[in-house]
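Convention: sequence-line order gives letters A, B, ...; per-chain numbering from 1.
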Amino acid sequence: MSFQIKKQPTKYDVCIVGSGAGGGMAAKLLADAGFKIALLEAGPDFDPANEEQRTQLRWPWESPRRGAGSTRPFGDFDMAYGGWELDGEPYTQNSNTEFSWFRSRMLGGRTNHWGRISLRFGPLDFKRKDFDGKGDNWPIGYEDVKPYYDKVDKLIGVFGTKENLPNEPDGFFLPPPKPRLHELYIKKGATKAGVPMIPSRLSILTKPINKERGACFFCKQCSRSCMAYADFSSSSVLVKPAVETGNVDLYVNAMVREVLTNGEGEATGVSYIDKEDLKDYEIKAKVVILAASACSSARILLNSRSAHHPNGLANSSEVVGKYLHDSTGSSRGGFIPELLDRERYNEDGVGGMHLYTPWWLNDSKHLGFTRGYHIEYWGGMSMPAYGFGFNTQALKEAIGDTSRNAYGTGLKKDVKKFYGATFGMAGRGESIPRKDNYCEIDVNTVDKFGIPVLKFNYNWSDEEVKQAAHMQDTFEEVMHNMGAIPLGDKPGKESNYGLEKPGKIIHEVGTTRMGTDPGSSVVNQYNQAHDVPNLFVMDGGPFVSQADKNPTWTILALAWRATDYLIEELKKGNV
Amino acid sequence: MDRRESLRTLVMGGMASSFFLSSCVTDKESPIEEGDIIEEKQGYGRTPAEIERDEDLMSETFFTEEEMAIITSLADIIIPEDEESVSATEAGVPEFIEFIVKDIPEHQLPMRGGLMWLNRESSKQFNMPFVETSKENQLKIIDQIAYPQDFEKTSPGPTFFRRIKNLVVTGYFTSEPGIEYLDYRGNTPNVWDGVPEQVLKKHGLKYEEDFLKVAMDPANRGEVMNWDDYEI
Ligand SMILES: Cc1cc2nc3c(=O)[nH]c(=O)nc-3n(C[C@H](O)[C@H](O)[C@H](O)COP(=O)(O)OP(=O)(O)OC[C@H]3O[C@@H](n4cnc5c(N)ncnc54)[C@H](O)[C@@H]3O)c2cc1C
Ligand code: SF4
């Protein structure tokens with residue numbers, strides 16, 4: 001191995017690190033504007049239409065493990081190259097805390113398999129502190145981001161319905177698919193319980209929005225990434241057209257180590273390791289955009305130390321890595337007796353729920369906890385995979401069926417009878433960001449590329465636990481009102497009411513927070529580092545708070561807003 | 001047009017060709033080019049590291065011949081052939097179990113130990129290993145572990161039975177004949193237009209009128225969305 005550092009000859013206008021939601025958006029806009037871009041991605045190239053990579057429309061028996069999660073954590077057909085653990089790339093924990101970090105290493109990052117739930121933050125979500133006194137307000141409000149949400153809707157596509165709900169802003173919605181049978185049942189119960197249920201908002205094309213991408217053909221497999229490009233994956237929807245402009249040099253398997261700086265403390269480019277030849281390379285650019293996902297970008301900054309930036313780059317405030325926060329999550333499964341022995345038809349629909357519950361208690365002051373949650377639902381006659389049928393006995397017990405069909409033809413018939421009668425609900429809530437939940441560099445541990453790794457420290461507070469308790473009560477009430485039978489025991493205090501461990505909902509954000517005060521925030525309202533004007537962060541890092549909404553639509557809108565600003569600054573010669 | 005291209009055009013071409021594709025996917029008798037592509041077995045979208053892992057697992061053998069014989073007879077006791085569908089062994093369940101215990105090693109010890117336990121129980125009660133004893137005797141043991149008395153519920157037999165039953169059931173219902181028997185209708189391009197009318201009726205449910213006005217309309221789902229008259 002040679003240790004000579006190679007320099008890529010071209011000097012780029014902009015170097016973008018990471019090709020997920022944020023990086024893809026920046027690449028597309030900058031390429032369209034004619035700038036010369038280097039896009040660096042730690043994983044391999046990926047295209048859902050590539051026959052060699054396709055998992056969509058495959059049958060469970062094509063996988064020898066029948067889709068089990070032993071190779072890919074969300075199942076053999078899931079389109080994430082990565083998972084909670086990556087070979088040779090560990091992360092560590094401070095004692096007594098546990099944070100799970102999901103990384104996907106491939107072109108498009110985690111947008112190839114994400115749930116496509118595409119929610120705008122509402123006016124309240126940017127200013128929660130004004131209402132409950134906790135956490136911090138964003139330096140911007142809904143009206144600043146609204147025009148960009150509008151543009152994202154039109155460029156990428158999202159279905160939904162105009163509902164006129166105060167904190168769930170409407171968008172440019174494609175027509176929504178009709179609900180499935182279990183969703184109609186749940187809605188009946190929810191309505192009785194005073195819990196609203198409205199059409200979901202997913203970035204799936206129920207109608208085409210241009211000639212380059214097809215319409216959804218309803219296979220329920222968006223987590224496998226769509227070969228017709230009918231769902232949003234950054235790889236096919238943003239990076240592909242960006243590369244086609246001819247303005248983007250795509251470097252795959254390029255693991256960025258740090259941002260390079262000059263004597264004045266400005267960014268001059270990045271250094272990366274080519275995973276193929278394990279050699280070090282440098283790329284020079286006028287501007288650097290980090291979009292490697294919230295924690296990865298914080299890691300790159302903290303590892304970019306120099307005389308000018310002894311704590312890491314853009315970190316004079318010492319809040320890089322701090323205020324890490326994930327959504328809360330808690331769930332419960334149930335069983336609908338009316339769906340026993342149900343009539344068969346193709347119920348796949350889109351890759352996700354057709355109805356969901358937005359947070360409905362913004363006006364309640366006495367819940368005992370501060371922030372809200374939305375509810376996601378699953379169920380229906382889905383394609384079997386490993387694990388299918390494991391719960392047959394439990395289902396029989398739940399409905400008091402004492403027939404002896406533990407084996408034989410009777411068992412076979414039972415499995416068939418129970419098929420499609422189970423469903424589930426999962427709350428996804430807002431947590432309050434705290435400085436003492438963070439990631440930092442573990443100086444004692446390096447990954448296989450010799451890069452110091454992240455160490456996490458994260459605890460839930462009473463707020464999140466109480467919120468999970470409320471979720472569980474709501475689930476039971478809805479199930480009761482729809483005539484369903486809840487499965488298993490109701491999670492109680494001993495399990496924090498089923499509250500998932502931090503990181504598990506994979507909405508980790510906040511590590512390079514946005515603010516007006518350089519003393520307490522990392523970037524300004526345009527995602528530009530206070531300390532380093534030619535450095536931007538365009539993933540979930542700049543989030544001041546995460547709302548109960550899944551983060552990606554906001555990552556995309558903010559990346560667009562930041563890129564518009566950057567283009568102006570480049571034109572003016574300011575950066 | 002290369003084959004991948006042609007598939008894409010098909011899928012992207014909207015409803016009509018989606019149906020076309022869907023018939024190609026299922027209709028194996030009259031292969032046409034596009035159908036070929038979907039049917040083509042060139043792995044199942046693995047990365048090089050995953051191919052290597054699969055090959056490593058495939059090259060090992062975990063169960064002995066004797067153990068496989070017990071698994072095979074158990075599999076067919078748990079899911080036998082009947083007038084509607086084939087047996088577990090015909091659906092390839094024993095081969096699946098051999099693979100999955102290598103893939104998910106937590107299964108190995110309880111499976112191997114459970115099989116030993118079963119043989120010992122058979123020798124104790126009938127003086128013969130499980131596969132050699134009569135069908136009647138086999139079922140006697142199975143009944144003991146499938147329908148344990150309260151005091152037996154936590155003994156190794158029932159615990160083992162639950163595990164192998166789960167593996168047999170899951171292996172069966174994820175196989176081609178199992179899915180056919182289950183009558184799962186999806187995994188094929190189609191146009192979702194809601195729960196069929198007669199099913200809605202049977203359940204006393206209906207779609208709200210206001211919703212139907214804005215819901216996806218199969219008739220125009222191929223047209224590129226036009227935002228001209230859209231206001232928010
Ligand atoms: C199962 C699942 C379901 C989800 N569902 C939803 C949902 O329904 N709605 C929603 O809004 N969000 C959802 N999310 C979250 C969503 O995936 C993320 O919010 C989004 O992908 C974040 O985008 P990003 O650009 O910040 O990072 P990523 O998508 O993670 O992309 C970062 C990219 O940077 C690359 N990278 C990292 N480090 C380096 C380095 N050092 N050098 C070079 N490249 C690097 C990575 O390989 C990756 O490709 C889900 C996530 C998961 C896992
Ligand atoms: S559900 Fe629709 S958008 Fe999602 S993968 Fe299937 S065809 Fe594509």
Side-chain angles (χ1 to χ4, degrees), chain A residues 49 51 53-55 57-66 68 70-71 81 154 161-162 170-172 174-178 181 184 206-210 214-215 217-219 227-228 338 343-346 348-349 381 383-390 404 406-409 411-412 415-416 419, chain B residues 4 8 11-12 14 18 25 38 42 44-45 47 50 53-54 77-80 82 85 96 99-100 103-104 142 146-147 165-166 169-171 173-176 179 181-187 189-196 199 203 205 207 214-217 221-225 227 230 232:
Chain A
E51 181 57 18
Q53 297 175 313
R54 172 179 70 84
T55 57
L57 293 183
R58 297 212 182 266
W59 291 97
W61 61 82
E62 293 184 63
S63 146
R65 58 186 61 74
R66 307 292 167 86
S70 34
T71 298
Y81 299 166
K154 289 182 183 168
T161 44
K162 291 188 262 185
D170 295 329
F172 284 82
L174 299 168
K178 292 177 187 166
L181 189 54
L184 292 174
T206 47
K207 267 167 96 64
I209 53 167
N210 58 34
F217 55 82
F218 304 100
C219 75
M227 64 171 128
E338 288 92 338
E343 186 173 329
R344 302 296 199 254
Y345 53 92
N346 181 348
D348 281 349
M381 295 185 281
M383 180 154 51
Y386 177 82
F388 180 86
F390 279 17
R404 284 164 66 93
Y407 64 88
T409 297
L411 169 64
K412 218 183 196 178
V415 175
K416 193 168 174 174
Y419 174 57
Chain B
R4 191 188 309 154
R8 217 168 51 239
V11 174
M12 291 179 49
S18 291
V25 178
I38 287 281
Q42 14 164 280
Y44 55 109
T47 65
E50 289 168 341
R53 176 161 194 265
D54 278 4
I77 289 172
I78 293 168
I79 297 208
D82 56 27
S85 55
F96 160 71
F99 181 85
I100 204 75
D103 188 49
I104 306 177
I142 296 301
Y147 308 110
K165 173 182 159 180
N166 280 347
V169 167
T170 233
F173 284 97
T174 52
S175 73
E176 191 163 2
I179 283 186
Y181 167 71
L182 185 70
D183 202 13
Y184 163 67
R185 305 276 179 92
N187 196 31
N190 73 105
V191 179
W192 165 258
D193 192 25
V195 180
V199 177
H203 290 268
L205 294 163
Y207 290 118
V214 296
M216 189 211 84
D217 178 0
R221 72 181 273 278
E223 293 164 20
V224 172
M225 186 70 188
W227 299 112
Y230 194 99
I232 56 171

Task: Interatomic spacing from CE in B/M216 to CZ in A/F218 - rounded to 0.5 Å - done: 4.0 Å
Open item on the list: Could you report the tightest heavy-atom contact between A/W61 and B/S175, atom names first, then the distance?
Closed with: CE3-C, 3.5 Å
- [ ] Could you check which of B/I78, B/V214, B/I79, B/V169 has the highest count of heavy-atom pairs closer than 4.5 Å to chain A?
- [x] B/I78
- [ ] Under 4.5 Å, counting heavy-atom pairs only, tell me which of A/S63, A/P208, A/P60 racks up the most with chain B.
- [x] A/P208
TODO: Kindly indicate, with the supporting measurements, whether the criterion side-chain contact (heavy atoms from CB on, under 4.5 Å) is fulfilled by A/E338 and B/H203.
DONE: CA-CA 8 Å; A/E338 288 92 338; B/H203 290 268; 4.3 Å; yes
TODO: Tell me, for B/Y230 versus chain A, whether the close heavy atoms (under 4.5 Å) come from the side chain, the backbone, both or neither.
DONE: both
- [ ] May I ask you to name which of A/K154, A/K162, A/K207, A/K412 has the most heavy-atom pairs under 4.5 Å with chain B?
- [x] A/K412
Open item on the list: Using the rule given for side-chain contact (heavy atoms from CB on, under 4.5 Å), can you reason through B/Y147 versus A/Y407, listing the C-alpha separation, both sets of side-chain angles and the distance that settles it, and then say yes or no?
Closed with: CA-CA 10 Å; B/Y147 308 110; A/Y407 64 88; 3.9 Å; yes
Open item on the list: I need the A/K416 NZ to B/D183 CG distance, nearest 0.5 Å.
Closed with: 5.5 Å
- [ ] Measure distances from B/I104 to the heavy atoms of chain A and classify the residue's part below 4.5 Å as side chain, backbone, both or neither.
- [x] side chain
Open item on the list: Can you tell me how far apart OG1 (A/T206) and CG (B/D217) are? Round to the nearest 0.5 Å.
Closed with: 11.0 Å
Open item on the list: Taking the basic N atoms (NZ, or NE/NH1/NH2) and the acidic carboxylate oxygens, is any pair closer than 4.0 Å for B/D54 and A/R65?
Closed with: yes
Task: Selection from A/T161, A/L184, A/D170 maximising heavy-atom pairs under 4.5 Å formed with chain B - done: A/L184
TODO: Specify which of B/G194, B/A215, B/G171, B/A146 makes the most heavy-atom pairs with chain A at under 4.5 Å.
DONE: B/A215
TODO: Against chain B, work out which of A/G408, A/G389, A/A68, A/P177 has the most heavy-atom pairs shorter than 4.5 Å and name it.
DONE: A/G408
Open item on the list: Please check this pair: side chain of A/R66 against backbone of B/F173, looking for a donor-acceptor N/O pair closer than 3.5 Å.
Closed with: no
- [ ] Return the minimal non-hydrogen interatomic distance between A/V415 and B/L182, and the atom names on each side.
- [x] O-CD1, 4.4 Å
Open item on the list: Is A/M383 in contact with chain B via its backbone, its side chain, both, or neither, using a 4.5 Å heavy-atom distance?
Closed with: both
Open item on the list: Under the criterion side-chain contact (heavy atoms from CB on, under 4.5 Å), I'd like the reasoning laid out for A/D348 against B/W192: C-alpha separation, chi angles, the key distance, then a yes or no.
Closed with: CA-CA 8 Å; A/D348 281 349; B/W192 165 258; over 6 Å; no
TODO: Measure the OG1-CD distance between B/T174 and A/E62 for me, rounded to the nearest 0.5 Å.
DONE: 12.0 Å
TODO: Identify the heavy atoms of A/T409 and B/D82 that sit nearest to each other, and give their distance.
DONE: CG2-OD2, 3.2 Å
TODO: Identify the heavy atoms of A/P64 and B/Y44 that sit nearest to each other, and give their distance.
DONE: CD-OH, 3.2 Å
TODO: With a 4.5 angstrom heavy-atom cut-off, could you sort out which part of A/Y419 is near chain B: side chain, backbone, both or neither?
DONE: side chain
Task: Part of A/Y81 lying under 4.5 Å from any heavy atom of chain B - done: side chain
Open item on the list: Can you tell me which portion of A/L411 sits under 4.5 Å from chain B's heavy atoms? Options are side chain, backbone, both or neither.
Closed with: side chain
Open item on the list: Let me confirm one number: the CZ-CD1 distance from A/F388 to B/I179, rounded to the nearest 0.5 Å.
Closed with: 8.5 Å
Open item on the list: Testing the 3.5 Å rule here: is there a donor-acceptor pair between the side chains of A/T71 and B/R53?
Closed with: yes
